[in-house]
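Heads up: the structure comes next, in structure tokens.
Computed from a prediction, not measured in an experiment: that's the story for all the values here.
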Amino acid sequence: MKKLRVGMLGLGTVGKSVAEILIQNQSWIAGRAGASIQIVRALVRQTRKRREGAASKIPTTTNAQDILDADDIDIVIEVMGGHEPAYGYITQALKRGKAVVTANKAVLAAHGLEIAKVVQQHHAAIYYEAAVAGGVPIIRTLRHSLISDRIQRIRGILNGTTNFILGLMEKGEGYDTALRQAQKEGYAEADPTLDISGADARDKLAILIQLAFGLDVHPSEIPTEGIGSLTPEVLADARQLGYRVKLLAIAKRVGNKLEARVQPAFVPFEHHLSAVLDIENAISVDSEALGTTLYVGPGAGGMPTASAVISDLIEAAQQQGVKNAMSLRSQRTALKLAKPEAAISAFYVRFLVEDRPGVLAAITRILASNNVSLAAVLQHERGLDDEPVALVILTHPTTHGAMSKALNKIKQLPILHGGLSVVPIEEQRVTKVES
Ligand SMILES: NC(=O)c1ccc[n+]([C@@H]2O[C@H](COP(=O)([O-])OP(=O)(O)OC[C@H]3O[C@@H](n4cnc5c(N)ncnc54)[C@H](OP(=O)(O)O)[C@@H]3O)[C@@H](O)[C@H]2O)c1
């Protein structure tokens with residue numbers, strides 16, 4: 001039987017699970033891959049670190065060239081993370097004719113185009129199922145199963161940490177407590193910025209956009225808002241109105257434009273994405289012939305992510321010698337990224353206002369003059385004398401540009417106390433105006 005020798009860049013959470021699965025299931029993996037696969041060595045930061053289980057059996061090195069330049073390595077698995085040196089190592093491996101399997105969304109999102117060029121020039125191959133939504137097989141689905149169809153829209157919950165935090169906030173926890181709980185459970189990093197700010201979901205969306213729509217988008221071009229400014233009051237309002245708040249990554253074809261954004265959004269209870277709870281990830285794909293399909297499952301964690309890495313490894317083994325760079329990316333398209341202000345949504349807005357006559361009229365006048373019409377108004381119970389009161393409005397669909405113009409004017413009204421919360425509504429339920 002053919003032998004394939006693997007070099008690993010990284011032997012952390014994902015790396016050690018890859019080793020575990022490969023070593024424990026050697027014979028059936030060999031059967032499926034058509035080759036026996038052996039991990040030769042792994043690059044780590046500290047060779048002296050105590051490693052358990054299968055990882056303890058793998059020789060380690062701190063010199064990347066022991067893997068990238070090694071003649072006894074055919075395939076490189078990059079599971080070290082970060083931009084550099086990972087990006088440099090990936091391109092070096094490809095240039096030396098080694099197939100690369102990576103879980104690194106940050107590198108792929110920022111340098112996908114350059115990597116594709118290297119892949120093409122060197123007749124190499126790169127596989128990245130684990131880079132988006134961990135164990136959920138969305139990359140292969142877009143590359144193979146949906147290749148026959150024209151994709152119209154993708155909506156994803158691509159970050160389990162924020163989904164977990166939003167779940168706790170929906171139960172009344174404050175943002176800080178919910179974040180601490182996520183860290184305690186091991187779902188959030190000590191520095192959770194990439195998750196909370198939406199940057200992690202944005203990187204994954206950029207990768208999906210290339211595959212689904214053939215558009216090369218740099219992550220910095222995708223308007224991105226995280227969950228940091230959401231309050232338990234907003235989540236309680238959402239619940240009362242029949243919605244859950246989800247951090248959604250959205251890409252949608254509108255004519256010859258592609259709308260793309262990452263933003264918290266109200267999702268109705270009855271919508272399939274609303275049922276995605278805790279750390280799960282989900283991607284809802286609308287395509288012309290097939291209609292809507294949903295892909296849901298564990299978006300992170302050593303074993304789920306390693307399962308995606310191993311599936312790539314088996315594909316890489318099966319495809320040795322059949323190197324076709326373009327199969328890993330979509331053909332380029334004439335689509336252009338839409339201006340963020342042209343996107344259309346209904347909105348939820350929560351104001352803290354003086355409790356006196358004329359306040360609602362002042363707000364609705366500004367909304368109307370910007371072509372924003374009301375779908376519903378909710379006035380929370382009055383507090384003590386002179387205390388501001390929460391006023392909630394739901395609008396009909398309008399452009400993000402019109403909404404932001406109206407809100408900028410409303411913010412100047414003296415009746416407003418403090419900031420306001422504004423969240424787009426993804427698929428509005430029917431609600432009546434109460435005023
Ligand atoms: N964890 C998940 O659930 C998950 C899910 C999907 C995708 N991913 C992606 O998978 C990749 C790996 O994530 P992970 O959670 O496994 O990371 P991790 O636990 O931090 O492990 C990183 C590994 O890489 C090694 N390493 C890091 N920087 C290095 C450097 N400059 N030189 C040499 N070795 C270096 C570390 O060595 P030491 O062991 O010596 O420290 C460690 O073995 C990332 O791209 C991540 O985004 C992770």
Side-chain angles (χ1 to χ4, degrees), residues 9-10 12 14 43 64 68 76-95 98-122 124-134 138-139 142-143 154 156 158-159 161-162 189 191-226 247 249-251 258-263 281 283 299-300 305 308-309 312 325-326 328-333 335-337 340:
L9 302 173
V14 179
L43 174 76
L68 304 172
V76 170
I77 298 182
E78 186 277 304
V79 279
M80 60 189 287
H83 281 268
E84 283 293 359
Y87 172 44
Y89 293 167
I90 289 171
T91 49
Q92 278 186 53
L94 291 169
K95 285 177 183 170
K98 301 183 196 305
V100 173
V101 173
T102 177
N104 195 326
K105 63 231 145 194
V107 163
L108 289 166
H111 305 289
L113 195 55
E114 294 95 320
I115 290 175
K117 282 185 190 144
V118 176
V119 166
Q120 230 175 344
Q121 279 162 6
H122 295 267
I126 187 162
Y127 305 83
Y128 49 93
E129 183 61 69
V132 179
I138 186 63
I139 300 292
L142 291 173
R143 276 175 52 204
I154 284 183
L158 300 178
N159 184 274
T161 308
T162 43
E189 304 281 336
D191 176 2
T193 316
L194 286 179
D195 294 326
I196 300 304
S197 67
D200 174 79
R202 178 203 62 188
D203 285 351
K204 294 168 181 166
L205 182 65
I207 297 170
L208 292 182
I209 287 175
Q210 206 297 320
L211 275 177
F213 301 100
L215 185 64
D216 283 303
V217 179
H218 193 274
S220 60
E221 295 177 278
I222 301 177
T224 301
E225 188 188 323
L247 181 67
I250 301 175
L258 187 82
E259 274 179 22
R261 64 180 175 279
V262 173
Q263 206 171 21
N281 279 200
I283 300 107
T305 310
V309 170
D312 277 350
M326 291 315 291
L328 299 177
R329 290 170 61 81
S330 289
Q331 297 290 334
R332 283 202 53 104
T333 166
L335 275 178
K336 293 261 183 301
L337 211 54

Using every non-hydrogen atom in the two residues, find where [X] and [Y] come nearest and quote the distance to one decimal.
{"X": "Leu205", "Y": "Arg261", "answer": "CD2-O, 3.7 Å"}
{"X": "Ala86", "Y": "Val107", "answer": "CB-CG2, 4.2 Å"}
{"X": "Ile209", "Y": "Ala251", "answer": "CG1-CB, 3.8 Å"}
{"X": "Ala130", "Y": "Ala103", "answer": "CB-CB, 3.7 Å"}
{"X": "Leu68", "Y": "Ala93", "answer": "CD2-CB, 3.9 Å"}
{"X": "Ala249", "Y": "Leu158", "answer": "CB-CD1, 3.7 Å"}

4.5 Å side-chain heavy-atom contact, [X] and [Y]:
{"X": "Ile139", "Y": "Leu208", "value": "yes"}
{"X": "Lys105", "Y": "Ile207", "value": "yes"}
{"X": "Leu94", "Y": "His122", "value": "no"}
{"X": "Arg202", "Y": "Ser197", "value": "no"}
{"X": "Ile115", "Y": "Tyr128", "value": "no"}

Between the side chain of [X] and the main-chain N/O of [Y], is any donor-acceptor distance below 3.5 Å?
{"X": "Asn104", "Y": "Gly82", "result": "yes"}
{"X": "Glu78", "Y": "Gly81", "result": "yes"}
{"X": "Asp312", "Y": "Glu129", "result": "yes"}
{"X": "Thr193", "Y": "Asp191", "result": "no"}

How long is the gap from [atom1] on [X] to [atom2] on [Y], to the nearest 0.5 Å?
{"X": "Gln210", "Y": "Thr333", "atom1": "CD", "atom2": "OG1", "result": "10.0 Å"}
{"X": "Ile77", "Y": "Tyr127", "atom1": "CD1", "atom2": "OH", "result": "12.5 Å"}
{"X": "Lys95", "Y": "Thr91", "atom1": "NZ", "atom2": "OG1", "result": "5.0 Å"}
{"X": "Leu258", "Y": "Leu215", "atom1": "CG", "atom2": "CG", "result": "6.0 Å"}
{"X": "Leu142", "Y": "Leu211", "atom1": "CG", "atom2": "CG", "result": "5.5 Å"}
{"X": "Glu221", "Y": "Asp216", "atom1": "CD", "atom2": "CG", "result": "9.5 Å"}

message = Using the rule side-chain contact (heavy atoms from CB on, under 4.5 Å), only one of Asp203, Ile90, Thr102 pairs with Leu108; which is it?
response = Thr102

ask   = Parallel, tilted or perpendicular for His111 and Tyr87, by the 30°/60° rule?
value = parallel

query = Under the side chain to side chain contact (heavy atoms under 4.5 Å, CB included) criterion, do Tyr89 and Val76 qualify, and how do the steps go?
reply = CA-CA 10 Å; Tyr89 293 167; Val76 170; over 6 Å; no

inquiry  = A quick test of your reading: do over 12 heavy atoms of other residues, nucleotides or ligands sit less than 6.0 Å from CD of Glu114?
reply    = yes

